[in-house]
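Heads up: the structure comes next, in structure tokens.
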Amino acid sequence: MNELIRQGVAFRDLLFPTLHRDGRRVMLLLSGQPKYDAQGRLAGDIGSGTDITAHLRSQSELHQANNQLIALTRLLKENEARFRDFAEVSSDWTWETDREGRITHISDSLERSANIEAKAFVGLCSGQALRHHPEAELCVAPIMAARKALQPYHDVTLPLRTPTGEDLHVAVSGRPFFDEEGTFQGYRGTGRNITELVLNRQALARETALLNAILDNLGKGVAVYDAGQRLRVWNPSSQQLLEFPPGFLRIGRPWADVSQFHAGRGDFPDRAPSDLPEGAPPSQWNMPNGRIVQHRRNPMPEGGFVDTFTDVSQLISKEIQLRQAQKMEAIGHLTGGVAHEFNNLLTVIGGFARRAERRIDDRALVAESLSEVVHAADRAAELTQQMLVFARKQATTPELLRLADVLPGLARLLGPLPGETTELTIDASGSRGLVRVDRGQLTQILLNLAVNARDAMGPGGRLGIVTEDVRLPPGFAASHLGQGGGDYCRLTVSDSGSGMDETVRKHLFEPFYTTKEQGKGTGLGLAAVYGIVEQSGGTIDVASTPGEGSAFTLYFPLAPAEAPAATDAATAATPESELPLPATTATILLAEDEAAVRRPLASDLRAFGFSVIEAADGRHAVGLAQAYSGTIDLLLTDLAMPRMSGEEAASTLRQGQPSLKVVYMTGDATCLPNGEPRPAGAVLRKPFTDVELRKTVQQVLTPTGS
Amino acid sequence: MRPQIQSLRADELEKARILIVEDQPGAMKLVQSLLRDMGITQIFSAGDGQVALAFLDECEGFIDAVISDLHMPKVNGLDLLRQERTVYPRMPFLMITGRDTADAVKAARDSGVTAFLAKPFSPAQLETKIEAMLRRASV
């Protein structure tokens, strides 16, 4: 600028930044024109200046303010857009009313959400909008109250009937708004269609009420525990059945508490349910008042469990009554049957005996009569034997047998039995294991079953005997009394006969129950089979279809794998006819207190070639043995005798002679020597024939393993 | 040696034809033996009532007296008696009873049985009954 002045150039509105005297930076706007003196020489400059610093600053502020305004406006627009988007996207709708409650605005979402055209509501009072629904009056009360006090309200549920007649449930929230002076202008708020929610809630309430009604009226007790073993639900019956103190049951009570309570009262039978494996059968709890409550625990999929309790007291007492009645019926059958059978046999025995008595000189007649007497007596003995088997009191001498080895021998026995036209097949190929069973009883079982089968079949029937080793699953217990899983030898006797109906099947094993004609069956056969199988620790199963035949399946538990004892093998392999000749040199000490029994026995034994020393009781026998100079090979003794029993005599004599062989005789099957190892303590059951006597004595005297 | 029969002659006994109906083999044999001991030779036996009825049907008027057990399978003694009575209202009929109900016995009496004999019985009891029956029939 100085240059401009110097050159004498005029200038105008020239910005001139400079420093003020006080050091501030100022901006001047200068204008000037050259000044000439009289001589026309440039004499200087005339000008004016304006300090525009303040002006410039305000201009800049304005500009900034303008920019801010623009930014604010943009923000406002963005926000508006955002809220509009929210409002438009939301299922909720927005609304606004004026001071009088007239709807001035309602968003389009109303149509989307509630299927009501928004503009249909604009201009209406909110009361008018709701007036169609009969229940609306009651529900708007909270809104009216809030409006009166100019207070906000939240989620007031209202029923709403649409112009098309649809009933909806809406939740409405609103708050008053005011102008700058604080004057009430109206209400703004939102609305929401909650019809589905309300309907679901109502349905849930109905379901819950139904469930509660069922639970409350259920005779069974129900208690539900969650995964944390805490009580969730229970019903009045569980409280009543289990006799908890009032207030004991509450939601959240741990099972441990409840369990402890029961344990303390002694309710559990043996183990607390929590100790039981999953799927354990129901247990029976004993309640203080004598009630028996059956407890069953069922796990829930998400953890936790449902306990159910059933009062089975009456059921159990009915069951006991029924069992008692059945028992009495069976006893009735039994006594009736025994009486009838024995009456018949007594008729024969007495009749022929008297006949012989009257005609004692007629040798032929006497012989014939006596033969009939003997025959009838044998029959009676057989009958008592079968009854003892049924009573499970028959003395048995179980041995380890392989059914596969025994069946062929039995087949010979069965051979003539089934009848000429019956086809008998035996398959023992699947049986390897050993079972512990009395050989004689096994024979009896097969004979009984085979005879039944024959009687059930006409000519041309098929009788099959199959034996095989099977492993039974533990679940087998459920269908068969007392039998758990394990290894069994399964013996199946099947026929193609007439089969049987349900009634017959139910009474099948009852003593003296028979479908046969009088004289053909005693009704004891299957009862004996049942007794024998049970006695052997086995079980029996019957399958039958009327007209198609029957199958009796017998399960004998397999003995742990071990070689059969030498004696068993020897007896198994030796048919009766091939027994070694009697050891005629043997000396037998015979102890029997009944002389009438002892004398014929002694003469029989002498007839077989034995030396016999007779003793009147156990003590007598011991004395005689001590006095005897030679060797006594065998003690044949009655079990029950005065002064000293057979068992005592045997053990006394064995002290001096451990190798002494002993055969016991007994008529009472219930008192058998305990702990006597076989064959040292063979047993002859009275009555026995001379053939049985000879066979037993010979077998016991035969050195084992020879 | 024959037992003393006072009221019936030996030839009368030999003429008599008796049918025994009994399902128990032992009892059947006993009755047969005792009849033979009495001197009765014409003895016919049936194992049950059905066979007996068929036999009676077949040889009409052939049998003089029936000895039957009451308790039998299929056709029991009572059924046999009732059916027999439709043809032979007066034929001697001895009913042997055992474990039988009073009702059955009464029914047999009502149906016209000639005499009863309860098991177990002695030879003398049987003989007395048979004799009495045959004597009454021959009168």
Side-chain angles (χ1 to χ4, degrees), chain A residues 331-383 455-456 504 511-524, chain B residues 1-5 20-39 45-52 67-80 94 96-101 104 116-130:
Chain A
I331 289 173
H333 270 300
L334 187 73
T335 47
V338 168
H340 184 78
E341 284 291 319
F342 276 89
N343 200 34
N344 271 321
L345 292 168
L346 277 175
T347 306
V348 175
I349 291 170
F352 276 110
R354 288 196 180 86
R355 179 180 183 235
E357 198 178 44
R358 295 200 310 184
R359 310 274 294 274
I360 197 76
D361 297 329
D362 185 340
R363 278 188 69 82
L365 183 143
V366 168
E368 187 213 329
S369 299
L370 284 183
S371 148
E372 292 299 329
V373 168
V374 169
H375 188 72
D378 284 350
R379 176 91 189 95
E382 204 178 293
L383 216 58
D455 292 349
V504 173
F512 291 103
Y513 182 82
T514 182
T515 58
K516 295 180 188 177
E517 300 161 29
Q518 189 68 44
K520 264 199 159 179
T522 57
L524 278 175
Chain B
M1 202 173 84
R2 188 162 293 169
Q4 291 285 305
I5 308 290
I20 307 172
V21 194
E22 170 66 80
D23 60 315
Q24 301 277 339
M28 161 86 79
K29 222 162 179 180
L30 177 67
V31 177
Q32 287 169 342
S33 303
L34 295 176
L35 292 187
R36 260 201 306 277
D37 291 352
M38 285 174 76
S45 308
D48 62 59
Q50 215 164 24
V51 174
I67 303 173
S68 172
D69 195 14
L70 177 54
H71 187 90
M72 284 186 300
K74 292 184 193 167
V75 177
N76 66 24
L78 187 60
D79 298 332
L80 172 65
L94 176 63
I96 298 182
T97 60
R99 186 183 63 100
D100 296 298
T101 60
F116 287 105
L117 182 60
K119 282 182 186 176
F121 52 83
S122 70
Q125 285 170 322
L126 179 72
E127 283 166 10
T128 314
K129 295 274 182 188
I130 290 177

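Since the structure is predicted, the reported quantities are computational estimates derived from the model, not experimental observations. Chain identifiers are assigned alphabetically (A, B, ...) following the order of the sequence lines, protein sequences preceding nucleic acid strands; residue numbering begins at 1 within each chain.
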Practice task
Spell out, as yes or no, whether a donor-acceptor pair under 3.5 Å connects the side chain of B/Asp69 to the backbone of B/Asp23.
Solution key: no

Problem - Top of B/Ala27, B/Gly47, B/Ser33, B/Ser122 for chain A proximity - count of heavy-atom pairs under 4.5 angstrom - result: B/Ser33

Completion exercise
Sequence neighbours excluded, the answer for salt bridge (charged side-chain N to carboxylate O under 4.0 Å, His left out) partners of B/Lys29 is A/Glu372

Exercise for the section: State which residues pass side chain to side chain donor-acceptor pair (under 3.5 Å) with A/Ser369; sequence neighbours excluded, sorted by chain then number. Expected result: A/Arg355

Handout entry: Residue among B/Gly26, B/Pro120, B/Ala124 with most heavy-atom pairs under 4.5 Å to chain A
Key = B/Pro120

Exercise for the section: Would you mind checking which part of A/Ile349 comes under 4.5 Å of any heavy atom in chain B, side chain (CB onward), backbone (N, CA, C, O), both or neither? Expected result: neither

Problem - A/Ser371 side chain vs A/Ala367 backbone, donor-acceptor pair below 3.5 Å - result: no

